[in-house]
Peer 1: 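There's a structure below that I have some questions on.
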Amino acid sequence: MILTLKRKIPLCEIKRIERKIKFYGFKSHISRGAKDITIGVIGENAILLREFFESDRAVHSVAQISKPYKLAGSQIHPSPTVIDVGGAKIGGKHFAIFAGPCAVESRIQIINIAKAVKNAGARFLRGGAFKPRTSPYSFQGLGEEGLRYLAEARDITGLKVVTEVMEISQIETVVKYADILQIGARNMQNFNLLREVGKTNKAVFLKRGMSATISEFLMAAEYVMASGGRKVILCERGIRTFSQETRFTLDISAVCVLKKETHLPVVIDPSHASGCRDFVPPLAFAAAAAGADGVMIEVHTDPQNALSDAAQTIDIPTFTKTVKMLRKLATLAGKTL
Ligand code: PEP
Ligand code: MN
């Protein structure tokens with residue numbers, strides 16, 4: 001249920017309503033728009049209190065939240081959420097670039113790539129230390145050693161670090177080093193993991209499951225938010241279709257649908273979506289043109305010899321050119337990079 005408050009009501013009245021919501025066993029979520037202040041009343045059967053709130057002196061109107069994703073949905077928060085990670089922003093008018101190798105391979109590899117992507121214009125460094133590989137015989141990542149190298153690369157470049165956490169037991173370690181916790185496509189519906197990352201105060205970079213509907217994707221975000229997480233970044237990274245020419249099929253319309261359904265920032269990953277380095281720049285451009293809030297791109301100083309996802313990884317000159325074009329497209333779409 002959403003309460004739209006009367007205009008110009010004093011702060012003590014807002015606090016009183018929040019206390020009232022808590023008293024009845026519900027959670028409140030306040031949103032300050034350009035004109036109106038709204039308070040979401042979250043919890044099962046909140047709507048039963050409708051009349052009670054309708055008659056409150058500070059409430060202008062009451063509406064039911066019709067979507068199952070109450071905290072992630074745009075009804076509760078009509079303006080776009082801007083996520084601030086230590087001064088680097090994602091969402092609203094900010095176009096964010098997350099770049100780096102699929103996996104951290106060595107100290108020197110990640111530091112060199114970090115410096116190069118920073119020079120090209122990225123503000124976020126990606127790199128897996130715990131890798132969810134399709135084959136158990138493939139390189140599984142450097143684990144905590146890789147996290148240490150990522151943190152060192154952050155200290156040198158100032159880039160913010162995003163890296164995947166695959167299971168609950170890794171959270172404590174990953175939060176020590178990362179700025180943003182990535183939940184991989186294969187874990188999008190690992191509800192216990194989602195709940196636990198929501199309890200940390202880190203931003204969460206949530207990838208869409210390869211067979212997940214948009215509604216399931218948003219319910220995954222809802223899990224993170226229901227346990228306290230407020231900074232969720234959604235990432236479309238390709239879905240399974242009958243098309244076999246690319247690794248997955250980039251669902252570009254997910255940007256439009258998500259922009260309508262949610263206030264959370266939406267990022268596109270053209271690398272995992274296509275599986276092919278030649279397709280990465282054009283798909284990144286499509287993302288910017290469609291109004292995405294950023295892209296996540298796999299970049300390596302020596303892509304041919306990358307230990308994972310080599311075929312979809314672009315080199316530094318290609319990345320630099322891609323960012324130049326993205327800057328223009330993001331500007332046309334009303335964002336700055
Ligand atoms: C990744 O970004 O490193 C990754 C494994 O992606 P996904 O979970 O989308 O497959
Ligand atoms: Mn990868």
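The figures that follow rest on heavy atoms only: side chains count, while hydrogens, waters and symmetry mates do not. Ligands are counted one by one from 1 in listed order, and the atoms in each one are counted from 1 as well.
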Peer 1: For ligand 1, which atoms sit closer than 4.0 Å to a heavy atom of Ala185?
Peer 2: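 Counting from 1, the qualifying ligand atoms are 7 (P), 8 (O), 9 (O).
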Peer 1: Which atoms of ligand 1 sit under 4.0 Å from any heavy atom of Gln182?
Peer 2: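 Once the distances to Gln182 are compared, the set is 1 (C), 2 (O), 3 (O).
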Peer 1: Is it the case that Asp309 and His272 place a side-chain donor and acceptor less than 3.5 Å from each other?
Peer 2: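 Yes - a donor-acceptor pair under 3.5 Å links their side chains.
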Peer 1: Would you kindly check if the NZ (Lys) or CZ (Arg) of Arg237 is within the cone defined by 45 degrees around the ring axis of Phe248 and under 6.0 Å from the six-membered ring centre?
Peer 2: yes
Peer 1: Does Phe53 have Lys20 sitting over its ring (NZ/CZ under 6.0 Å from centre, angle to axis within 45°)?
Peer 2: yes
Peer 1: Which is it for Arg126 and ligand 1 at heavy atoms under 4.0 Å: side chain, backbone, both or neither?
Peer 2: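 Side chain only; the backbone of Arg126 stays clear of ligand 1.
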Peer 1: Taking distance alone, with no angle check, do Lys131 and ligand 1 share an N/O pair under 3.5 Å?
Peer 2: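 Right, the criterion is met.
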Peer 1: Kindly confirm or rule out an N or O of Arg186 lying under 3.5 angstrom from an N or O of ligand 1.
Peer 2: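 Checking ligand 1 against Arg186, an N or O pair does fall under 3.5 Å apart.
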Peer 1: Under a 3.5 Å distance rule, please check whether Arg208 uses its side chain to pair with a backbone N or O of Ile239 as donor and acceptor.
Peer 2: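 No, the answer is negative, given that no donor and acceptor are paired below the 3.5 Å cut-off.
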Peer 1: Tell me if a side-chain donor or acceptor on Glu298 pairs with a main-chain N or O of Pro101 at a distance below 3.5 Å.
Peer 2: no
Peer 1: Enter the distance from Leu258:CG to Ser253:OG here, rounded to the nearest 0.5 Å.
Peer 2: 9.0 Å
Peer 1: At less than 4.0 angstrom from any non-hydrogen atom of Arg237, what atoms of ligand 1 do you find?
Peer 2: 7 (P), 9 (O), 10 (O)
Peer 1: Quick check on the 6.0 Å ring-centre criterion: do Tyr24 and Phe52 meet it?
Peer 2: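 Between Tyr24 and Phe52, the centre distance is under 6.0 Å.
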Peer 1: With side chain to side chain contact (heavy atoms under 4.5 Å, CB included) as the test, pick out the partner of Val232 among Thr81, Leu218, Leu206.
Peer 2: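 Looking at Thr81, Leu218, Leu206, the match for Val232 under the side chain to side chain contact (heavy atoms under 4.5 Å, CB included) is Leu206.
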Peer 1: For the Mn ion (ligand 2), how many protein N, O or S atoms come closer than 2.8 Å?
Peer 2: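 Atoms of protein N, O or S type lying less than 2.8 Å from the Mn ion (ligand 2) total 4.
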Peer 1: How close do Phe217 and Lys207 get, heavy atom to heavy atom, and via which atoms?
Peer 2: CE1-C, 3.8 Å
Peer 1: With no hydrogens and no angle check, do the side chains of Tyr223 and Gln189 hold a donor and an acceptor under 3.5 Å apart?
Peer 2: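 Their side chains do not contain a donor-acceptor pair, so the 3.5 Å distance test is not met.
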Peer 1: Under 4.0 Å from a heavy atom of Lys207: which atoms of ligand 1 are those, numbered in the order shown and with their elements?
Peer 2: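 Ligand 1 atoms under the 4.0 Å threshold to Lys207: 1 (C), 2 (O), 4 (C), 6 (O), 7 (P), 8 (O), 9 (O).
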Peer 1: Using a 4.0 Å cutoff against the non-hydrogen atoms of Gly184, which atoms of ligand 1 qualify?
Peer 2: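 This gives 8 (O) as the contact atoms.
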Peer 1: To the nearest 0.1 Å, how far is atom 4 (C) of ligand 1 from its closest protein heavy atom, and which atom is that?
Peer 2: His272 NE2, 3.5 Å
